[in-house]
Amino acid sequence: MFKIEMKHDKRVLIEAVRDVVESLPHREQMVIDLKYGISGGEHSESECARLLGITRQRVNQIHRSAINLLMRKPKMQKVKKIMREYGSI
């Protein structure tokens, strides 16, 4: 029973994260998606740069910008609430 609830909670958290990431500008979405593996496997900064055809430094700049934008999004409050309710799923 507990495993089923945990799986459901994790799914809810993943959907909330996807929702907030989708509210970012396209290039920020791409970097976050690649770095954290939201749609698949995680990639290093170098791999992200190669896949996107930009420098590692530019990936880092876009990543910082995306994190700053995410923290200001009202939708992020939903993610924070889920994480508080369920702890680190």
Side-chain angles (χ1 to χ4, degrees):
M1 178 81 162
F2 181 70
K3 272 192 167 194
I4 293 170
E5 287 177 19
M6 187 76 131
K7 236 180 199 180
H8 171 73
D9 296 342
K10 188 172 183 178
R11 232 186 330 234
V12 169
L13 178 61
I14 289 169
E15 286 307 312
V17 169
R18 279 191 182 133
D19 188 40
V20 73
V21 169
E22 287 174 358
S23 70
L24 292 172
H26 183 71
R27 68 181 181 180
E28 281 83 354
Q29 280 184 39
M30 293 295 296
V31 168
I32 295 295
D33 188 16
L34 289 170
K35 282 192 67 106
Y36 297 104
I38 292 171
S39 297
E42 294 178 22
H43 297 279
S44 69
E45 205 169 84
S46 296
E47 292 170 327
C48 291
R50 184 179 48 78
L51 290 167
L52 297 172
I54 57 179
T55 65
R56 280 185 16 229
Q57 180 181 6
R58 186 66 185 129
V59 168
N60 192 25
Q61 291 169 346
I62 294 169
H63 178 252
R64 281 195 316 260
S65 170
I67 295 299
N68 287 332
L69 286 171
L70 283 172
M71 290 301 137
R72 292 193 313 254
K73 295 278 184 185
K75 290 181 179 183
M76 194 64 183
Q77 296 307 313
K78 181 178 178 182
V79 173
K80 289 177 183 177
K81 181 181 178 195
I82 292 168
M83 291 181 76
R84 274 194 306 273
E85 287 177 5
Y86 301 109
S88 55
I89 297 172

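Hydrogens, waters and symmetry mates are skipped; everything else that's a heavy atom, side chains included, is used.
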* Asked: Distance from R56 atom CZ to R50 atom CZ, nearest 0.5 Å?
  -> 13.0 Å

* Asked: Roughly how far, to the nearest 0.5 Å, is CD1 of I62 from CG of L69?
  -> 11.5 Å

* Nearest-0.5 Å distance, NZ of residue K81 to NZ of residue K78 -> 9.5 Å

* Do L34 and L52 touch side chain to side chain, with heavy atoms closer than 4.5 Å? -> yes

* Asked: Do M83 and I67 belong to the same hydrophobic cluster, where Ile, Leu, Val, Met, Phe, Trp and Tyr are linked whenever their side-chain heavy atoms lie under 4.5 Å apart, directly or via other members?
  -> yes

* Asked: Is there a donor-acceptor pair closer than 3.5 Å between any side-chain N or O of N68 and the backbone N or O of R64?
  -> yes

* To do: Examine distances only and state if a side-chain atom of K73 and a backbone atom of S23 form a donor-acceptor pair shorter than 3.5 Å.
  => yes

* Do I14 and V21 share a hydrophobic cluster (ILVMFWY, side-chain heavy atoms under 4.5 Å, transitive)? -> no

* To do: Check A49 against T55 and note the closest heavy-atom contact, atom names and distance.
  => CB-C, 3.7 Å

* Asked: From L24 CG over to M30 CE, what is the distance, rounded to the nearest 0.5 angstrom?
  -> 12.5 Å

* Return the minimal non-hydrogen interatomic distance between I32 and A66, and the atom names on each side. => CG1-CB, 3.6 Å

* Asked: Could you give all pairs that pass the side-chain hydrogen bond (donor to acceptor under 3.5 Å, both in side chains) test and reach residues 24-39, with sequence neighbours left out?
  -> E28-S65, D33-S39, Y36-H63

* **With sequence neighbours excluded, residues passing side chain to side chain donor-acceptor pair (under 3.5 Å) with Q61** => R58

* For M76 and V79, run side chain to side chain contact (heavy atoms under 4.5 Å, CB included): C-alpha distance rounded to whole Å, both residues' side-chain angles, the deciding distance at 0.1 Å, then the answer. => CA-CA 5 Å; M76 194 64 183; V79 173; 4.2 Å; yes

* To do: Give a yes or no on whether M71 and V31 share a hydrophobic cluster (residues Ile, Leu, Val, Met, Phe, Trp, Tyr; joining criterion: side-chain heavy atoms under 4.5 Å apart).
  => no

* Asked: Does R18 come within less than 4.0 Å of E15, counting only side-chain N to carboxylate O?
  -> yes

